Amino acid sequence: MRTSFNYVTNRTIGYLVAFLLLLCPHTASAITYMSIETVPNRDVVGEDDVVTIRSIGYANLERWSQRLLGECRVVDSVIDALTANTTISSVTSTNTRVVVAAGGFEGGTNPSFVFTVKDSGAGTVTEADVDVLGNALGYVLSQGSTAHFSPDNFKAYAFPLDYILVTFSGSLSGEEAQAFFEHVGTIDPALFSGLFAGFTQIDLPGSLTNNSMLFLQPAVSKRRFISGLSAAVEDEKPRASYAPLKNNGAPTTARAGVAFPENDWRASPDGEQYLTNVSESTQLRSELLTLRLRHLAAVTRLREAIDEDRVDEYLATQFTCPN
C-alpha cells in the first residue's frame, strides 16, 4: 500500500480490516483471527513518514516486520507484560500462532502480524483475553484499529460480513499474494483499487503455510465480486481453488462475525480508547508505553535508513532492536 490507506477514517479502517480476516465455511475451525499492521497510523507518525516507509515496497517491509517479530519480540513482549500483570492468563505458544503475512487494501499490499488463535475446547484462549491482546497490540503498534473475528459464527460480533477464500497449493509468499491481488485488478479494477477492496493472507486449520487469501466484498455487487474472483482463480488453476461453493459447484460467498478495537489518535493521543479495554493498572500501562516507544524508535530508524539510501544494508546487517 502507498497512500490510499491513509485517507480513510479509523472506523472505516476497522470495517475494512474486519472484512479481511475470515475463514472457509467448510471447516469447523473454532479459530479466531487477529490482524495488526506493523507501520504506525498516519496520525501518530505523520502522513509523509507513512508514505515514505511504504515506498520501500512489500519485500523490504516484510523483512523489517520479520525482524521486529523474531528478534525484537514485539508481540511476545506484549503477551509477557499482560501475563506478568495477570491481565491475561490463557494465551500460550500452543494455542496462539502469529506470523508476518500479507494484507491488501485499495491497490496496495502490506505486511501485518496475523494471529491464529484456538478459541474453543481444552487449552484454548478466552474471548476476554483475545479482546485484551488485540487492544494492547493496537496500542503498542500505534494502529488506528485492529480486528478479530469468529469465522464459524457470524453472530459472534457486531457485524456479519461476506468474503471469498482463495487457497493455493503449497506455500504462498507475501509477494505472490501481492501479485495475485494485482492480477485480480486486471480483471476488475474495482476488486483491486476500488472502495474497500482487499484481502488478508491466512492459514486454514491444519495448514502452517498461510497459503490462503481472504477477499472482502468491496463496494460492488455480490455478483460482480464473485465473477471477478472466480475468473482470477480460473487463470491460476490448478494451483488455486475458490471457496465457498454451492452444492452444484457454483461459486458463492460466506459470512462471519467480526469486531474491531480502535483508537482515534487525534482525539485520544495517549491511546486511551485502547488502554481502557486493557487495564487500569499503572504498572502495566507503563510497561506497554515502553514497548510502544521502542516500536516507534524502530520506525524512526527505518525512516533514517530510507533517507540515507541504505535500506538494504540496514535490513541485512545494521538492524538492531531499540532498548
Side-chain angles (χ1 to χ4, degrees), residues 1-14 16-17 35-69 71-72 74-75 77-78 100-114 136-147 174-175 178 193 198 261-275 288-323:
M1 184 184 320
R2 290 165 176 76
T3 60
S4 60
F5 202 128
N6 303 310
Y7 291 99
V8 293
T9 66
N10 288 329
R11 182 165 295 278
T12 299
I13 292 171
L16 167 72
V17 178
S35 178
I36 304 95
E37 281 200 19
T38 58
V39 177
N41 185 271
R42 66 186 179 91
D43 290 333
V44 176
V45 297
E47 181 72 25
D48 289 345
D49 276 7
V50 169
V51 172
T52 299
I53 291 169
R54 295 192 189 283
S55 72
I56 67 175
Y58 181 87
N60 283 324
L61 282 175
E62 182 182 59
R63 291 169 65 193
W64 179 70
S65 301
Q66 293 282 14
R67 300 201 75 165
L68 290 177
L69 181 65
E71 297 172 40
C72 303
V74 169
V75 171
S77 295
V78 173
V100 176
F105 176 69
E106 292 186 357
T109 301
N110 297 286
S112 300
F113 295 143
V114 178
L137 286 165
Y139 170 76
V140 169
L141 297 177
S142 301
Q143 294 301 300
S145 67
T146 71
E175 288 182 285
Q178 179 183 31
S193 56
E262 63 180 351
N263 187 80
D264 182 342
W265 290 99
R266 291 183 179 181
S268 183
D270 295 326
E272 189 62 29
Q273 289 172 286
Y274 281 136
L275 293 174
L288 293 178
L289 175 59
T290 297
L291 296 177
R292 179 169 181 254
L293 294 176
R294 287 179 185 172
H295 179 247
L296 290 174
V299 173
T300 297
R301 292 182 184 182
L302 177 61
R303 174 61 197 261
E304 291 171 349
I306 297 170
D307 291 342
E308 296 167 6
D309 195 24
R310 55 180 179 87
V311 173
D312 287 342
E313 295 89 342
Y314 174 71
L315 293 175
T317 61
Q318 300 171 2
F319 179 92
T320 57
C321 298
N323 296 319

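Note that the structure is predicted; figures quoted are calculated from it, not measured.
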Query raised in the report: Just how far is it from atom CZ of R301 to atom CD of Q318, taken to the nearest 0.5 Å?
Result: 11.5 Å
**Report entry** Residue list, salt bridge (Lys or Arg N to Asp or Glu O under 4.0 Å) with E272, at least two apart or on another chain
**Finding:** R285
Query raised in the report: In Å, rounded to the nearest 0.5 Å, how long is the span from CG of L315 to CZ of R310?
Result: 10.0 Å
Query raised in the report: Under 3.5 Å, side chain of Q143 to main-chain N/O of V39, donor-acceptor pair present?
Result: yes
Query - Shortest non-hydrogen contact from A298 toward P322 - result: N-CG, 3.6 Å
**Report entry** H295 NE2 to S77 OG distance, which is reported to the nearest 0.5 Å
**Finding:** 12.0 Å
Query - Interatomic distance, L275 atom CG to Y139 atom OH [nearest 0.5 angstrom] - result: 5.0 Å
Report task. Identify, with sequence neighbours excluded, every residue that meets side chain to side chain donor-acceptor pair (under 3.5 Å) alongside T52. Result -> none
**Report entry** Non-hydrogen atoms of L296 and S142 that approach each other most closely
**Finding:** CD2-OG, 3.8 Å
Query raised in the report: Of all heavy-atom pairs between D270 and W265, which one has the smallest distance, and what is that distance?
Result: C-CZ3, 4.1 Å
Report summary line: Residues pairing under salt bridge (Lys or Arg N to Asp or Glu O under 4.0 Å) where one sits in residues 311-323, two or more places apart or in two chains, turn out to be R63-D312
Query raised in the report: Just how far is it from atom CD of E37 to atom OG of S145, taken to the nearest 0.5 Å?
Result: 8.5 Å
Query raised in the report: Would a distance-only check, ignoring hydrogens and angles, find a side-chain to backbone donor-acceptor pair under 3.5 Å from N263 to S268?
Result: yes
Query raised in the report: Taking only residues two or more places apart in sequence or in another chain, which ones pass side chain to side chain donor-acceptor pair (under 3.5 Å) with S65?
Result: T38
Requested in this report: Would you name the heavy atoms of N110 and Y58 that are closest together and state the gap between them?
Outcome: C-CE1, 3.4 Å
Requested in this report: Please assess D49 against V299 for the test side-chain contact (heavy atoms from CB on, under 4.5 Å), listing each intermediate value before the final yes or no.
Outcome: CA-CA 9 Å; D49 276 7; V299 173; 5.9 Å; no
Query raised in the report: D307: what forms a salt bridge (Lys or Arg N to Asp or Glu O under 4.0 Å) with it, not counting sequence neighbours?
Result: R303
Report task. State, yes or no, whether a side-chain contact exists between L61 and W64 at a heavy-atom distance under 4.5 Å. Result -> yes
**Report entry** Pair listing, salt bridge (Lys or Arg N to Asp or Glu O under 4.0 Å) test, anchored in residues 289-300, at least two apart
**Finding:** none
Query raised in the report: When rounded to the nearest 0.5 angstrom, what distance separates CG in N60 from OH in Y314?
Result: 12.0 Å
Report task. Could I get the full list of side chain to side chain contact (heavy atoms under 4.5 Å, CB included) partners for E71, not counting sequence neighbours? Result -> R67, F319, C321
Query raised in the report: What heavy-atom pair brings T109 and A102 nearest, and what distance separates the two atoms?
Result: CG2-CB, 3.9 Å
Query raised in the report: For the residue pair T146 and Y274, what are the closest heavy atoms and their distance?
Result: N-OH, 3.8 Å
**Report entry** Those residues that, when tested against V140, pass side chain to side chain contact (heavy atoms under 4.5 Å, CB included) (two or more places apart)
**Finding:** V78, L288, L291
